[in-house]
Amino acid sequence: MKTLERTLLVLGPEGDPAAAAMAAAWPGEVAAASLRDLSRPGWSLVVGNAEHTTLSVNGRRFGAAELGGAICRLGWIQPEALDWIDAEERDYVAAEMAAFLLAFFDQLPCPMLNRPTPACLAGALPRPPAWRAAARLAGFALAPADALPEWRIDLIGENCFGTTDPVLIRRAQALATTLDCGLLSLAMTGTVQAPRFITAHPFVDLGHPVLAAAAAQQLQARQAS
Amino acid sequence: MIVLWGLESDQPLAMVGAALGARGTPLFFLDQAAVCATRLAAVGAGADGADAADGADGAGQLEVDGARLDLASVDGIYLRPFDTRRLPAVERLPEADPQRHAALCTDDALLGWCDSSPAQVLNRPSAMASNNSKPYQAALIRRAGFDIPDTLVTNELDALHGFLQRHPRVIYKSTSGVRSIVSSLGDDLPARAGSLAACPTQFQEFVSGVDYRVHVVGDRVFATEIRSDAEDYRYAARQGKSLSLRETVLPIEVAERAVRLTRQLGLVLGGVDLRHCPDGRWICFEVNPSPGFTFYENATGQPIAAAIADLLARPQCDRIAA
């Protein structure tokens with residue numbers, strides 16, 4: 001199957017605008033999955049054998065080989081989100097689903113933005129001290145941790161949105177490289193001349209068409225390489 | 001100064017505390033039960049306005065019921081905190097209660113400090129998290145060179161039937177470690193099939209052999225051979241099954257692989273669960289990042305607590321990075 005014909009998997013909240021934006025940007029089909037799909041038959045993984053991975057989205061089944069890319073827009077699973085599961089089982093099922101998805105995405109052979117981590121299915125999400133230590137190492141000046149964000153820098157692979165300052169771009173990319181993030185959003189305060197880092201997270205606003213297009217381009221480039 | 005963080009009733013903490021006390025090592029017990037009276041305070045703002053209590057360089061001051069500890073003076077910490085949300089003092093508070101919020105923030109700040117501090121930390125919380133997904137950790141174990149049981153995680157009955165055809169005996173257990181009791185899949189399959197779709201479940205081939213728990217403490221290895229007729233020896237007493245533990249020595253190559261695996265997982269302390277098969281293979285089931293080692297030490301006399309105390313009290317130049 002040609003690269004451009006492969007399906008993009010987007011796992012996110014029900015009604016996630018990112019799925020629609022990615023559908024407009026991705027040349028092939030987009031399978032927009034939610035947690036409810038995990039309670040429909042069709043999901044399977046064999047540890048260490050990625051070819052046997054299968055998934056089911058809106059009743060349609062896929063094999064891992066059919067995927068050209070994947071994005072997980074959920075960081076973790078809130079038991080309250082599982083309203084089709086018996087209330088007394090939701091804590092347990094949330095933990096089980098999160099554990100499954102971590103293993104599932106970790107061994108998915110197609111490119112991902114980002115690979116999951118045990119702390120966050122959507123990618124690196126260290127606690128604030130680690131973020132700030134990494135940002136300091138990358139060359140950022142730090143604002144107090146409780147400062148209110150005034151603007152942001154979004155990184156999608158090599159593409160940077162929110163600043164054209166080459167020094168800031170370099171620092172942001174250094175931070176993303178340290179944390180192995182293909183998607184990274186930095187909360188900033190201060191002026192363009194004196195910017196300061198507050199915190200960061202992997203939840204780039206992929207509902208924005210420009211950012212969605214950049215993400216699609218990154219995944220395709222990674223598939224080709 | 002060595003910090004022990006957890007509950008007074010925690011036996012591993014108590015044994016390590018006793019071992020440190022016997023050495024005369026300065027010790028601070030951070031009682032998790034006092035979380036509502038615990039604060040991480042700023043030492044002073046950094047030159048760039050950053051909050052120095054964010055622990056980015058190990059700085060900060062801990063206050064517990066009036067007692068203060070400069071975090072920069074901490075050489076090592078052994079942490080075994082319980083889920084703060086389930087502590088009686090926190091659980092009884094309404095969701096929106098500011099005291100509850102403060103307790104959870106303190107908890108998170110302490111975990112963040114543990115992740116970033118230059119002290120010897122047993123173990124860094126971010127490294128321990130891999131154990132929250134058994135198949136994820138199993139993949140890491142496999143990449144580190146250990147055999148693992150054939151493992152299927154699925155909510156698809158056809159996939160399970162295919163797995164059962166390949167393996168005459170199958171066990172199932174939780175994927176996350178919550179409610180983790182190993183059970184054989186047998187006559188209860190038809191009854192469980194209906195609920196399989198609700199959430200992927202972990203199935204493994206049953207592998208016969210002799211169980212070993214290997215405690216890796218830094219670069220030291222304490223191996224215990226376990227013989228039991230229970231499916232899961234941890235519950236043998238509860239089930240009225242037989243159980244015997246004895247200290248043993250692993251083949252050097254297996255011991256070294258266990259140490260390497262622990263380190264590759266970002267851990268300094270680990271409980272590695274192995275099974276030695278009749279065909280000679282060494283299967284690894286998991287690495288417990290916060291092993292309840294007292295069960296094994298009490299049965300065999302292996303000086304695991306003393307080894308942990310030794311590791312915590314090492315001078316900075318001898319600390320083990322993970």
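Quick note: numbers below take in every heavy atom, side chains included, and nothing from hydrogens, waters or symmetry partners. Quick note on labels: first sequence line is chain A, next is B, and so on, each numbered from 1.
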Checklist entry - Should A/Y92 and B/S174 be marked as a side chain to side chain contact (heavy atoms under 4.5 Å, CB included) after you check the CA-CA gap, both sets of side-chain angles, and the distance that decides it? => result CA-CA 9 Å; A/Y92 174 68; B/S174 72; 3.7 Å; yes
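- A distance of 7.0 Å separates CD1 of A/I85 from SG of B/C199, quoted to the nearest 0.5 Å.
- Side-chain atoms of B/P135 and A/F104, non-hydrogen and from C-beta on, never get closer than 4.5 Å to each other.
- Proximity to chain B (any heavy atom under 4.5 Å) is restricted, for A/D91, to the side chain, taken from C-beta onward.
- Note: B/L111 leads B/I148, B/D158, B/D115, B/L111 in heavy-atom pairs under 4.5 Å with chain A.
- Of all the listed residues (A/G42, A/A98, A/A119), the one sharing the greatest number of non-hydrogen pairs under 4.5 Å with chain B is A/G42.
- The line from OG of B/S126 to CG of A/L125 is 11.5 Å long, rounded to the nearest 0.5 Å.
- With chain A as the partner, the residue from B/T151, B/D150, B/V153, B/L152 showing the most heavy-atom pairs under 4.5 Å is B/V153.
- Around the NE2 atom of A/H52, the shell of radius 6.0 Å holds no more than 12 heavy atoms that belong to other residues, nucleotides or ligands.
- With salt bridges taken as basic N to acidic carboxylate O contacts below 4.0 Å, none links B/D107 and A/R127.
- Within the 4.5 angstrom heavy-atom criterion, no atom of B/P149 approaches chain A.
- For chain B, no part of A/R36 is nearby; none of its heavy atoms comes within less than 4.5 Å.
- Taking the side chain as every heavy atom from C-beta outward, B/N132 and A/P118 never approach each other to under 4.5 Å.
- Considering only heavy-atom pairs separated by less than 4.5 Å from chain A, the leading option among B/R143, B/M128, B/Q202 is B/R143.
- Note that CG of A/D37 is 10.0 Å distant from CG of B/N155, once rounded to the nearest 0.5 Å.
- Within a 6.0 Å radius of CG in A/D180, no more than 12 heavy atoms belonging to other residues, nucleotides or ligands are found.
- Atom CE of residue A/M97 and atom OG1 of residue B/T175 lie 11.0 Å apart, to the nearest 0.5 angstrom.
- Rounded to the nearest 0.5 Å, atoms OH (B/Y136) and CG (A/L101) are 13.5 Å apart.
- Remark: the A/S44 side chain and the B/E156 side chain contain no N/O donor-acceptor pair separated by less than 3.5 Å.
- The local environment of CZ in B/R142 is sparse, with at most 12 non-hydrogen atoms from other residues, nucleotides or ligands closer than 6.0 Å.
- Here the side chain of B/T154 pairs a donor or acceptor atom with the backbone of A/W43 at under 3.5 angstrom.
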